[in-house]
Amino acid sequence: MILWLVIDGKSRRVELPASFDASVGGTVECVVDGRVVVVDACVLQPGVMSLVMDGRQYRCVLDGDAVVIGGARYGVEVEDPRSLQGRRGSGVGAAGPRAVKAPMPGRVVRVLVVIGEDVTEQQGVVVIEAMKMQNELKSPKAGRVVRVAVVVGDTVGSGDVLVVVE
Amino acid sequence: MILWLVIDGKSRRVELPASFDASVGGTVECVVDGRVVVVDACVLQPGVMSLVMDGRQYRCVLDGDAVVIGGARYGVEVEDPRSLQGRRGSGVGAAGPRAVKAPMPGRVVRVLVVIGEDVTEQQGVVVIEAMKMQNELKSPKAGRVVRVAVVVGDTVGSGDVLVVVE
Amino acid sequence: MKKVLIANRGEIALRVIRACREMGLATVAVYSDVDRGALHVLHADEAYRLGPAPAAESYLRGDLILEIARQSGADAVHPGYGFLSENADFAEACVAAGVTFIGPPASAMRRLGSKTMARRAADEAGMPRVPGSVTGLESVEEAQQVAAGIGYPVMLKAAAGGGGKGMRAVLRPEDLAAAYVAASSEAERSFGSGEVYLEKLIERPRHIEIQLMADEYGGCVYLGERECSVQRRHQKVIEEAPSAVVSEELRRKMGEAAVRLALAAGYVNAGTVEFLVDEEQNFFFLEMNTRLQVEHPVSEMVTGLDLVQMQLRVAMGEPLQVQQEDVRLRGHAVECRIYAEDPENNFFPSPGKITRLVQPGGPGIREDCAVYEGWVVPLDYDPMLSKLIAYGETREVAIDRMLRALEEYVIRGIKTNISLFQRILRDEDFRAGRIDTGYLERLLAREPAKLEGIVSEDKVPEDVVAVVAALFAASAAKERTSIASVGQESRWAVAGRREGLRA
Amino acid sequence: MKKVLIANRGEIALRVIRACREMGLATVAVYSDVDRGALHVLHADEAYRLGPAPAAESYLRGDLILEIARQSGADAVHPGYGFLSENADFAEACVAAGVTFIGPPASAMRRLGSKTMARRAADEAGMPRVPGSVTGLESVEEAQQVAAGIGYPVMLKAAAGGGGKGMRAVLRPEDLAAAYVAASSEAERSFGSGEVYLEKLIERPRHIEIQLMADEYGGCVYLGERECSVQRRHQKVIEEAPSAVVSEELRRKMGEAAVRLALAAGYVNAGTVEFLVDEEQNFFFLEMNTRLQVEHPVSEMVTGLDLVQMQLRVAMGEPLQVQQEDVRLRGHAVECRIYAEDPENNFFPSPGKITRLVQPGGPGIREDCAVYEGWVVPLDYDPMLSKLIAYGETREVAIDRMLRALEEYVIRGIKTNISLFQRILRDEDFRAGRIDTGYLERLLAREPAKLEGIVSEDKVPEDVVAVVAALFAASAAKERTSIASVGQESRWAVAGRREGLRA
């Protein structure tokens, strides 16, 4: 199995033997960017692993899109070459429609705009609350509100679109 | 779903609504031996449940063939009528062949008999060890050893047959 | 007292339930809809639903709570902290319903609950306080007069305040008028009362508080101090006992002043008198908290006493079994409030499902925790997941032990502020005890925050990181059955599987 | 000292690793094949394989361990307890290899390791001991002579003994000859030395021991006593500090005698002097353990000190920072040794996979644990899973707190002795402190053992049990994907599914 990874912004290629079952672990010879690396991996629980390389022991925990090793956190992306194309094309300029997204999960406590309303840059559009913390979300640009995706009382997830300004 | 259970030796019949998903929980009306019982079940983790009935809260943990409720342990068998027949017929008298089984998981450290050897009742036949505790297992009857299923160094599980005496 | 209803949730509800169980008292839990599977419910003898998630419809419903007490035969209510714990009307309603309120009498709560009234009580008890007004300011003119009298900089504060709301620092006379209006209207909005007062701004103050316990018979002891100077937005983040700067002499002076105040107000049960301490070790009365506090465990560690059991015994009408001379402090304790929030993203709250939980243990570690693997942290309440407490012979040992425990701690699925604590506990100023209430904001304002505190001494080789990431990705790909359980990793799993097709 | 190799496994290896981490020392773990996934490995900076599971091929291989120390650059070895911890040859080999052995010098270990030599050392130090021989018995005749001198009943003991092997109580003269032969040959088989000695049998003795810590400069303090009278087959089951019966005066006498013995033998580092105490509070030297003991945490809880950190500092050549007058005992601590064994089935060992683990927490609870959910407890080593320690202001509070914690504790997949502790801690005699080394065997011999200790006050209604069992069975049936993970429940699941077809 060959994996292309981006770790803290740096691309890496890791090759694992096809016969190796990573969910069980054991001693394995990997090829990292062309170099042979021998490690002993032991899976304690799904997402918790002890890795020994050259006698050094690393306690490794999978955490969402990151791995935590000995207290330090490393952001990891698993690259899929087919999706890269799409990602490159996804950049949008200040000219197009811009969405106001929820930066955290929460409940909508106030909606400050209506469809068709003109807003200025940094004008508050929606207030969401979670864990006793209120957050007023602001328009990223001046323009007209073309969509209001939520009403008061809605529960939203992190990244959900709340309002679109064009 | 209808379940026939034997709890600490007593047979019980419990009927759950077909639509109820016990792995998720919720408020449910059960019929226990003909009586309607309403409980609120909340599954915290697989095998760990909070049950509320008439305001009383019970912390319930599944433990093998038992349930532990508020610190007390209750042995449970789920009855399968088809298997009862077989179970009733499985009693064997002192006359037939008798197996010496491992009462605990362990490693065989000594085998004290060979096939064809005559043994007396309570004569030691195999010694197994686990966790620094040695256990000499004895023949349940006088007779002849017809099978020795293990050799020194074998790892055995609880209930495994070690020796058969006829 | 036979059966205690715990009118709270989270770690403090579990804390009280544990104390009741140890004393042979039956327990009644109450819960909102999102808390049916919470640990405080799981550990109670009885449990009753209050209502929907919002606190106003559940944990703040004193009427429902008293109805449940009646129905279940509970003869006492423990309010915990927050929610109804400082609500004098609720305390009174309990008494009227024939149920013991485990806390001070409503009269003492009222007398000490308003900051302006408490300041007058402090004066009467001969306790030093920050110079300034002891009544609400009637007008901007009065504010200007008082400020001129004590000298700038000054601080405007809401009489009914808390949590930093209705507060404004005023450095120059020309800013006072605007600040007065702003503070007053914020106080009106937040607390329903626009009353503000004014006091001298103490520069670089330390927040140090005295824990008290009083019985019904005039017995009152102080149980040492706690220092809570590490704050973010006026919220305590790390607490410790004893303070690194309080001498035996200062402790005695502050303790005796606190006891005088409590006795003068007819105070009973656990309470805390908060002080500001300036750089010359002058102490000034700040306010009194008429309840058990979040940070009470650090006092328990250094005194060897159980404050909740003491609360229960006092509420049963027993006299204190501890005299002042029996209170012996030993060692040092530090507490970290583990929150569901993201220190790398504006401290945004991070409710959600905990997919993996590995808790620290071993010598000197106590954890008051109310979450478990699989628990969904609700977005309706404060973000506290757990209180981690480390004890050691010295402050240094306690700090290093806490660092060890934080390193062991794994909470996955949601973000936590564990890395913030690692940063603070490794910071030289904190380790040297050079802290004041502005310390943490200054630390956070400092630049490349990210690596300073988080990385352990030895850098992990890049190849190790790559191999570990690859193994986790490959494992997610192969263990198709476990994708559901690992949740967040599904993106990896999908990518990994695609790769698998090519390998 | 920069890097410590921990020549052990299980909770004690993790305990030492934690102390090293807190002090900034790097750690090297060693492991046998079945321990690759053990927690002591997961928490170490470095880890090296020793060999196959059997201790003789792994944790007892001093040669391999020193080779790994050399290879990894470890400059010290902590032996923990058991395995090589009392092996003077290994201690010597460490020194020869230029590696600090964290424990006493080999000479002191030899002097106090043999029971007959230790008895002579005790005489020299003016310490009371059980009357009897101080040299090995040459013959049955000599045994008869000594026994006649001190009077029956007497006890035969192996000089190299431990764990109850090579021991025989002799009540009448006519039984002595046979017992002598049996004890001697058992000793020969168990320890490679048939040397036995004889002492007076103390009736209903309490086992009480003194914890010592000595530095290289003649400094030596005693850190209070521990009572370990609750034993099964001469193995400690529950330990506590302080003892319920030791007065300040007795503590001082025992402590000073223990210190005299240690100083006379040139002892350095942690050690324990064990005594028998009779009903008249006479104390008799029993033996000295020249290492850290399993039950050291109860001493840590009541003294507030960290014994492992003290061991490390002494081994670094530091003088003790604690004088005798600084040692202040406070409160009471109880420890339960949680074992993988089945108290309802002859205490048979119960190795295997832990399928569910819910650990207790909160005030006054410490756990030194080396297992986790998913860990397969190997059958090759002792059955200890964890040490649970409860602290309280009084013995009663500590006991009730331990009961609360045991109730919270869930270990599934294997059997444990948790119910045994519940039985003991609820027993009136234990609660009143009426214990001696025969106490537990008497309790276990008592009749309807099963319910007495295990059931909590309120009986669970039969219908609740039935519904809970039905819900678990139905859940196992519906969650087909989880069958693999619940392991033991598969039989239920199969039955449940069959039912499901009919429903």
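Throughout, protein chains are lettered first and strands after them, A, B, ... in sequence-line order, and every chain is numbered starting at 1.
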Charged N to carboxylate O below 4.0 Å: is that the case for D40(A) and R49(D)?
no

- Task: Check whether more than 12 heavy atoms from other residues, nucleotides or ligands sit under 6.0 Å from atom NZ of K3(D), and answer yes or no.
- Result: yes

Quick check on K138(A): does its NZ atom have over 12 non-hydrogen neighbours (other residues, nucleotides or ligands) under 6.0 Å away?
yes

From the list L42(D), T27(D), D45(D), side chain to side chain contact (heavy atoms under 4.5 Å, CB included) with Q57(A) holds only for L42(D)

So, the part of Q71(D) with a heavy atom under 4.5 Å from chain A: the answer is neither

Most contact-rich option vs chain A, by heavy-atom pairs under 4.5 angstrom, among G374(D), A38(D), A47(D), is A47(D)

What one should report as the nearest heavy-atom pair of S50(A) and V41(D) is OG-CG1, 4.2 Å

Scanning both residues in full, the closest heavy-atom pair of G37(D) with C42(A) reads CA-SG, 3.4 Å

Rounded to the nearest 0.5 Å, the CZ atom of R36(D) sits from the CG atom of L44(A) at a distance of 8.0 Å

If one checks every heavy atom of M53(A) against chain D at 4.5 Å, the contacting part turns out to be neither

